[in-house]
Amino acid sequence: MTASVCVTAPAKINLHLEVLGLRADGFHELAMVMQSIDLKDELRCENTADGTLSLTCDEPDLSCGDDNLILRAARLLRERSGFSELGARMHLSKRIPIGAGLAGGSSDGAAALVALNELWGLGLVESQVERLAAELGSDMPFCVAGGTQLCFGRGERLEPLPPVKAELGLLLVKDPEVSVSTPWAYGEYRRQRGHQYLQDEASFERRRQDLRSARWLYPLGQDIPPLRNDLQTVVAPLTPSVRNALECLRPQQGCLQVAMSGSGPSSFGLFLDRSGADRAKEAVEAQLDGLGLRSWSCSLIPHGVKLMS
Ligand code: C5P
């Protein structure tokens, strides 16, 4: 067993989020392209070997109680290991905005699985870690290996794609005071668009196949990604900060496309490279400040949770 392990947990954006239909288990059947970005939390875990699991965080707004995905992941991993005496003291340095549609909580949970697997010497391989992650949240399996992946099912059926080729920069915008509940966003989508849902597996599979063969994915960065987020069509009209963010980003020099990420409310503009995103951040910052919006200039990265040496 190791004394301590530190991992980074990157945020993700959705380059494509298509709601196909409703499943028998109440979740939505999705066709997505998820992409890791270099906005990261950091999780440090120390061995206690006394059967206690504890979590602290430098962000006072985040609950470190039993509902936190890090503690839920730790408990699940310990239970499945069969070693009830395993323990860890964990500390999270939070950089990813909370309730933003960036999978910050999911990535932290995935980070706990990866870090504790290492700390406790359990020897689980990536696919086993992803299976445990799927028990805790729909976005969590993606966060383990990250990079660029097709995500089907409720998000847990992963098909890795070639890594992003060109640099592509990203300007991410969010109102720190606003968060969107994922169940609410899906519920609203169902209420407004449920009558358009596809009904059978053959129709789902046709849409998956369309996405698998989309030219802009091979490799990402060669063509301009068209960006699609079905949840944006119901969240944006009801969330002024999303509309403001998209309106500020769209006219920026070099901005290729704009979209909301996940169930929102974070939104982003895509740029040809990181310096384009940096320049846009400088140009638009005062306007965003005036609207109470914060921004982050980011790059796309080819990996998810990573052990730090
Ligand atoms: O899996 P996760 O905890 O992230 O899901 C949160 C909620 O979002 C679910 O309880 C469900 O209401 C909604 N959801 C959905 N279909 C998905 C993923 C999430 O309806 N594929």
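Scope of the values below: all heavy atoms of this structure, side chains included, with no hydrogens, waters or symmetry mates. Note that ligands are numbered from 1 as they come in the structure, with each ligand's atoms numbered from 1 the same way.
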Undergrad: Mind checking whether Tyr197 and His28 have parallel, tilted or perpendicular rings, split at 30° and 60°?
TA: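 Perpendicular: the ring planes of Tyr197 and His28 meet at over 60°.
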Undergrad: Any donor and acceptor pair, going by atom type alone, linking the side chain of Ser107 with main-chain N or O of Pro10 inside 3.5 Å?
TA: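 Checking the backbone N and O of Pro10 against the side chain of Ser107, a donor-acceptor pair under 3.5 Å is found.
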Undergrad: Tell me, do Arg207 and Leu211 make a side-chain contact under 4.5 Å, heavy atoms counted?
TA: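 Side chain of Arg207 against side chain of Leu211, heavy atoms only: no contact under 4.5 Å found.
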Undergrad: Take a 6.0 Å sphere around OH of Tyr218 and say whether it holds more than 12 heavy atoms from other residues, nucleotides or ligands.
TA: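 Correct, the count exceeds 12.
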Undergrad: Check whether Phe152 forms a cation-pi arrangement with Arg157 (NZ or CZ under 6.0 Å from the six-membered ring centre, at most 45° off the ring normal).
TA: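 That pair does not qualify as a cation-pi contact.
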Undergrad: Report each N/O pair between ligand 1 and the protein that falls under 3.5 Å, naming both atoms.
TA:
{"unit_1": "ligand 1", "atom_1": "1 (O)", "unit_2": "Ser138", "atom_2": "N", "d": "2.9"}
{"unit_1": "ligand 1", "atom_1": "1 (O)", "unit_2": "Ser138", "atom_2": "OG", "d": "2.6"}
{"unit_1": "ligand 1", "atom_1": "16 (N)", "unit_2": "His28", "atom_2": "N", "d": "2.8"}
{"unit_1": "ligand 1", "atom_1": "20 (O)", "unit_2": "His28", "atom_2": "N", "d": "3.4"}
{"unit_1": "ligand 1", "atom_1": "20 (O)", "unit_2": "His28", "atom_2": "ND1", "d": "2.9"}
{"unit_1": "ligand 1", "atom_1": "21 (N)", "unit_2": "His28", "atom_2": "O", "d": "2.9"}
{"unit_1": "ligand 1", "atom_1": "21 (N)", "unit_2": "Arg154", "atom_2": "O", "d": "3.1"}

Undergrad: Could you check whether any side-chain N or O of Ser261 sits under 3.5 Å from a backbone N or O of Gly101, counting only pairs where one atom can act as donor and the other as acceptor?
TA: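 Pair found, side chain donor or acceptor close to backbone of Gly101.
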